[in-house]
Amino acid sequence: MIKIAPSILAADFTRLGAEVAEVEAAGADYLHVDVMDGMFVPNISIGIPVLKSLRKATDMFLDVHLMIERPLRYVEAFCEAGADLVNFHIEADAQENIIQAIAAAKALGKKTGVTLKPHTPAEAVMHFLPLVDLILVMTVEPGFGGQSFMYEQLPKISKIRELADTLAPMCEVEVDGGIDAVTAPLAVEAGADVLVAGSAVFGRSDRAAAIAELRKYTDSM
Ligand code: DX5
Ligand code: ZN
């Protein structure tokens, strides 16, 4: 079964606890937490104190997407704040530093992932595949919710799933950006195991219906 990871970037932050409880009750699998530093991406979102509060409010699996420069500096802080999985952008630092960040998160008992911007080729995951639990493929330029899905990323999703099948079959492929009822089946057909959805879930008043809609076609695939 495909996993659904609502992104709280599109949630109402004045009632974040209630928003999270709604998607948990609706059967969401992961809670996707977008962290932006205004350097790696041209936007600033949330950070460690919000993650700590989320950890107190829910038992959901917290999938933390770090859109920050040199994430090695903060990996321990995010792990201690309550992340279950930490995603590092491949482009955010030199390869050896990203590998060190992965090792640091693992040493603290966390799952790890690496993330690719749209212009980063699939082959860039080769060195990381044996080390991580998940590869996150961006289907928009990171930084903002509500953008349109980049259809030209579909072959890259397939390529990464293929590489993972050979090098690390248990590794999940997660897709983030512009996922809705139309694009979800395409991403799954290409090889996605986890779908991040911000606007398509929190932009709707009935979150259970929104999640059911994302599952409608993907669960039979
Ligand atoms: C964008 C973030 C996404 C974003 C997705 O930088 O990584 O997780 O919240 O939002 P939608 O689903 O609205 O494209
Ligand atoms: Zn994200």
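One-based numbering, in listed order, for ligands and for the atoms of each.
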A.B. asks: How far is atom 12 (O) of ligand 1 from the closest protein heavy atom, and which atom is that?
C.D. replies: Gly198 N, 2.8 Å
A.B. asks: Does any non-hydrogen side-chain atom of Glu174 lie less than 4.5 Å from one of Val137?
C.D. replies: no
A.B. asks: Which residue and non-hydrogen atom of the protein lie closest to atom 1 (C) of ligand 1, and at what distance in Å?
C.D. replies: Phe144 O, 3.6 Å
A.B. asks: Taking distance alone, with no angle check, do Ile179 and ligand 1 share an N/O pair under 3.5 Å?
C.D. replies: no
A.B. asks: Show me which atoms of ligand 1 lie under 4.0 Å from any heavy atom of Gly145.
C.D. replies: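 With Gly145 as reference, the close atoms of ligand 1 come out as 10 (O), 13 (O).
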A.B. asks: Is the number of heavy atoms from other residues, nucleotides or ligands within 6.0 Å of CD (Glu123) greater than 12?
C.D. replies: yes
A.B. asks: With the Zn ion (ligand 2) as the point of reference, which N/O/S atom of His32 is the closest?
C.D. replies: NE2
A.B. asks: Which of the numbered atoms in ligand 1 are under 4.0 angstrom from any heavy atom belonging to His32?
C.D. replies: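 It comes down to these atoms of ligand 1: 8 (O).
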A.B. asks: Apply side chain to side chain donor-acceptor pair (under 3.5 Å) to Asp34 and Ser7, showing your working.
C.D. replies: CA-CA 7 Å; Asp34 286 307; Ser7 160; 2.7 Å; yes
A.B. asks: Looking at Val86, is its backbone amide N or carbonyl O close enough to the side chain of Lys110 to form a donor-acceptor pair, meaning the two atoms are under 3.5 Å apart?
C.D. replies: no
A.B. asks: Judged by non-hydrogen atoms, does Gly177 sit under 4.0 Å from ligand 1?
C.D. replies: yes
A.B. asks: For ligand 1 and Gly143, I'd like to know whether there is a polar contact (N/O to N/O, distance under 3.5 Å).
C.D. replies: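 Right, the criterion is met.
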A.B. asks: Which atoms of ligand 1 are found less than 4.0 Å from any heavy atom of Leu9?
C.D. replies: 9 (O)
A.B. asks: Is there a nitrogen or oxygen of His65 sitting under 3.5 Å from a nitrogen or oxygen of ligand 1?
C.D. replies: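 By distance alone, the answer is yes.
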A.B. asks: Does Lys3 qualify as a cation-pi partner of Phe61, given the criterion of NZ or CZ under 6.0 Å from the six-membered ring centre and within 45 degrees of its axis?
C.D. replies: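 No, Lys3 does not lie over the aromatic ring of Phe61.
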A.B. asks: Please compare Ala11, Gly178, Ser45, Ser7 and report which has the shortest non-hydrogen distance to atom 14 (O) of ligand 1.
C.D. replies: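 Selected option, by shortest heavy-atom distance: Gly178.
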A.B. asks: Assess the side chains of Glu172 and Tyr30: does a donor N or O sit below 3.5 Å from an acceptor N or O?
C.D. replies: yes
A.B. asks: Test your reading of the structure: does Gly146 have an N or O sitting under 3.5 Å from an N or O of ligand 1?
C.D. replies: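 Right, the criterion is met.
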A.B. asks: Which atoms of ligand 1 have any heavy atom of Ala197 under 4.0 Å away?
C.D. replies: 12 (O)
A.B. asks: Is a side-chain N or O of Thr183 found less than 3.5 angstrom from the main chain of Phe149, in a donor-acceptor match?
C.D. replies: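 Not confirmed, Thr183 side chain does not pair with Phe149 backbone.
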A.B. asks: Would you call Asp180 and Arg204 a salt bridge, taking side-chain N to carboxylate O under 4.0 Å as the test?
C.D. replies: no
A.B. asks: Check each atom of ligand 1 against the heavy atoms of Pro142 and keep those under 4.0 Å away; list them by number with element.
C.D. replies: 6 (O)
A.B. asks: With heavy-atom distances below 4.0 Å as the criterion, list the atoms of ligand 1 near Met138.
C.D. replies: 7 (O)
A.B. asks: Under 4.5 Å between side-chain heavy atoms, counting indirect links through other Ile/Leu/Val/Met/Phe/Trp/Tyr residues: same cluster for Val140 and Ile179 or not?
C.D. replies: no
A.B. asks: Of all the N, O or S atoms in His65, which one sits nearest to the Zn ion (ligand 2)?
C.D. replies: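 The nearest such atom is ND1.
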A.B. asks: Just to be sure I'm reading this right: ignoring hydrogens, which of Thr115, Val41, Asp34, Val201 gets closest to atom 2 (C) of ligand 1? Compare them by their nearest heavy atoms.
C.D. replies: Asp34
A.B. asks: Could you tell me whether Arg215 and Asp29 have a side-chain N and a carboxylate O separated by less than 4.0 Å?
C.D. replies: yes
A.B. asks: Hey, which atoms in ligand 1 end up nearer than 4.0 Å to a heavy atom of Ser199?
C.D. replies: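 Per the distance check, 11 (P), 12 (O), 13 (O).
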A.B. asks: As a test of reading the structure, name the N/O/S atom of Asp176 that is nearest the Zn ion (ligand 2).
C.D. replies: OD2
A.B. asks: Closest to the Zn ion (ligand 2), which N/O/S atom of Asp34 is it?
C.D. replies: OD1
A.B. asks: Between Lys111 and Asp63, is there a side-chain N and carboxylate O pair less than 4.0 Å apart?
C.D. replies: no
A.B. asks: Taking only heavy atoms of Asp176, which atoms of ligand 1 are found under 4.0 Å from at least one of them?
C.D. replies: 2 (C), 3 (C), 4 (C), 5 (C), 7 (O), 8 (O)
A.B. asks: Could you tell me if His65 and Asn87 have a donor-acceptor pair between their side chains, going purely by distance under 3.5 Å?
C.D. replies: no
A.B. asks: Hey, any chance Leu85 and Val33 share a hydrophobic cluster, counting ILVMFWY side chains that come within less than 4.5 Å of each other, even indirectly?
C.D. replies: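 In one cluster: no.
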